[in-house]
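Small disclaimer: the values here were computed from a predicted structure and weren't measured.
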Amino acid sequence: MFAGLPELGISNGEDLKETLTNCTEPLKAIDQFQTENGILLPTLQSALPFLDLHGTPRLEFHQSVFDELRDKLMERVATIAEGKEEDRYGKLEELLEKSFPLVKMPSIQPVVMQVLKHLPKVPEKKLKQVMADKELYKVCAVEVKRQIWQDNQALFGDEVSPLLKQYIVEKEAALFSNDLSVLHNFFSPSPKTRRQGEVVLKLTQMIGKNVKLYDMVLQFLRTLFLRTRNVHYCTLRAELLMSLHDLDISEICSVDPCHKFTWCLDACIREKFVDAKRARELQGFLDGVKKGQERVLGDLSMILCDPFASNTLVLSTVRNLQELLGQDALPRDSPDLLLLLRMLSLGQGAWDMIDSQVFKEPRLELEVVTRFLPAMLSVVVDDYTFTVEQKLPSEEKTSLTYPTTLPDAFNKYLQENRVACEMGLYYVLHIAKQRNKNALQRLLPALVETHNDMAFGDIFLHLLTGHLTLLSDEFGTDEFCAAVFDGFLLTSFSSKENVHRHTLRLLLHLHHKVLPSRLEALVKTLEPPKQSSDPVKELYTQLTEKLEAQKKSPPQPAEAPSLDLGLHPVTVTTTASAPTTPI
């Protein structure tokens, strides 16, 4: 406990033991030991007997003096470090040399750690001693750990790895949340709110202003993205940079070539729309990548691969297409639309680019613009035509029926092209948000075969299940249930466990709306096999328990309406807001 005192010429318990063993008069020896090792203040000696008269033990007195002096010393260390004297770090190093032998003493350790914390460059020998001792390493400040980590990538990786795992677990938990809603979904939190997450804050603190550590974290993220293809690592790449931006860490932001691009894109994500001004800025960054700097495209593609960025780009694309439709303009004639597709394509190609190390923008297939988008717009026109037809007086109506098939070009590119598939999926969400049952029933069968099974990805299924809550009453019809379940979800639930989970999430939320005969069949079909994971089994158990509870307490018949009209004074506002049409 008192290791290190002899090195400083201070007696410890062993010295007292030896003195008492070899002396003839123990009381005199104790008195002499106290005088030599007590507080060397002549005026204090005559005052100590007063404490004895008050029954205050000497230990209590010395401990209180010690605590006070230690706090003053720690304050002084901070003051010296924050001062402007040229030799301030020299003074701290001198103090470190004197105090370090006592670093294992619990009472002195805080002083040593305070000195280490305030030294911008701790002597290497001391760093190695701290790193070699698990207890010291655990209690030392993050400022000291940064100096250890920057030359020990493996140790830093061990510290960062649990945080990265936690981040992915949190993202996946959000996607499989039991709360289904259009208003509160995976993409609802603002960028600033997301950056307040525990993992982002911890990583930001661990990095500090250290460019080397920042580069290491980026390398970990690239490696994990390559190994797993998990796009949430791309989100963390962008969030980390913007977290450092929020703290004005110019030492890092100024050297990351993606900083201004990410900052501009972050503003678009916040608004969930890329306006014309920001679109020009983003295009300027992409066009400004010079020869010899092409590697930056790898990082830019990762930032564009972030699902929050993709979500914003595709929502902007759908909005852009609606405007073109209103202007009778062609997709190929819109520079804004072509830029959005260019960024989508770059984001979608992130994994291939980093894997191949060929840093070149992927070429967007011209036919996506000349064939797929017109086919998608023709689906919109079909729907609009049918809607207008239904509103005509009966004598003007034709025998027009709602189309059930889709243009060949639409199906073809949904299966063969990543960018086209992403837009097609978001168009389905757009239709669901408008509660357009007919169009949804027409589109769902096409989602069974999509590029890389994108329609069965967690992000799309999370959004689709949330959007389907808007059509909850339609689940009372066999036709709609057949389209959603038989025509889409049940086609792959047995081979893809995530689809099984999302289907159960949907039923857990809407079971009371589903046609009883259909519900009974679904519950049998969705019973998990023995090899299923615990989350699937838990969801199924929750569903069956809810259904049992519903059987035991059937809904109460509606009471006869009260004669009391319940009229109350109402304050009428002078301005009425016009209803808005959802985009």
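- Note on Arg237 versus Asp306: no salt bridge recorded, every NZ/NE/NH1/NH2 to OD/OE distance being 4.0 Å or above.
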What side-chain donor-acceptor pairs closer than 3.5 Å can you find for residues 117-129, not counting sequence neighbours?
residue, atom, partner, partner atom, Å
His118, ND1, Gln114, O, 3.0
Lys126, NZ, Glu97, OE2, 3.0

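- Look at Asp67 and Arg70 and you find a salt bridge, because one of the NZ, NE, NH1 or NH2 atoms lies within 4.0 Å of a carboxylate O, short of that distance.
- The heavy-atom pair separating Ser188 from Leu183 by the smallest distance is OG-O, 2.9 Å.
- The two atoms that bring Gly457 and Asn498 nearest to each other are C-ND2, 4.2 Å, heavy atoms only.
- In this structure a side-chain-to-backbone donor-acceptor pair under 3.5 Å is missing from Trp149 to Leu213.
- Salt bridge Lys91/Glu85: present, at least one basic N to carboxylate O contact under 4.0 Å.
- In this structure, Asp266 does not pair ionically with Lys192, as no charged nitrogen and carboxylate oxygen lie closer than 4.0 Å.
- Using a 30° and 60° split on the angle between ring planes, His259 and His245 fall in the tilted class, from 30° to 60°.
- Here the closest non-hydrogen pair linking Val523 and Tyr540 is O-OH, 2.9 Å.
- Closest approach of Thr465 to Leu506, counting heavy atoms only: O-CD1, 3.8 Å.
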Test Arg222 against Asp215 for salt bridge (Lys or Arg N to Asp or Glu O under 4.0 Å), laying out the working first.
-> CA-CA 11 Å; Arg222 285 186 208 105; Asp215 283 340; 5.9 Å; no
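- Between His232 and Tyr167, the shortest heavy-atom contact is O-CE2, 3.4 Å.
- Around NZ of Lys212, the count of heavy atoms belonging to other residues, nucleotides or ligands within 6.0 Å exceeds 12.
- The existence of a salt bridge linking Glu198 and Lys202 is confirmed by a sub-4.0 Å separation between a basic side-chain nitrogen and an acidic carboxylate oxygen.
- Salt-bridge annotation for Asp179 and Arg505: absent, with no side-chain N of the basic residue lying under 4.0 Å from a carboxylate O of the acidic one.
- Comment: Asp453 engages Lys496 in a salt bridge, judged by a side-chain N to carboxylate O separation of less than 4.0 angstrom.
- Of all non-hydrogen atoms in Glu239 and Val200, the two that sit nearest each other are OE1-CG2, 3.4 Å.
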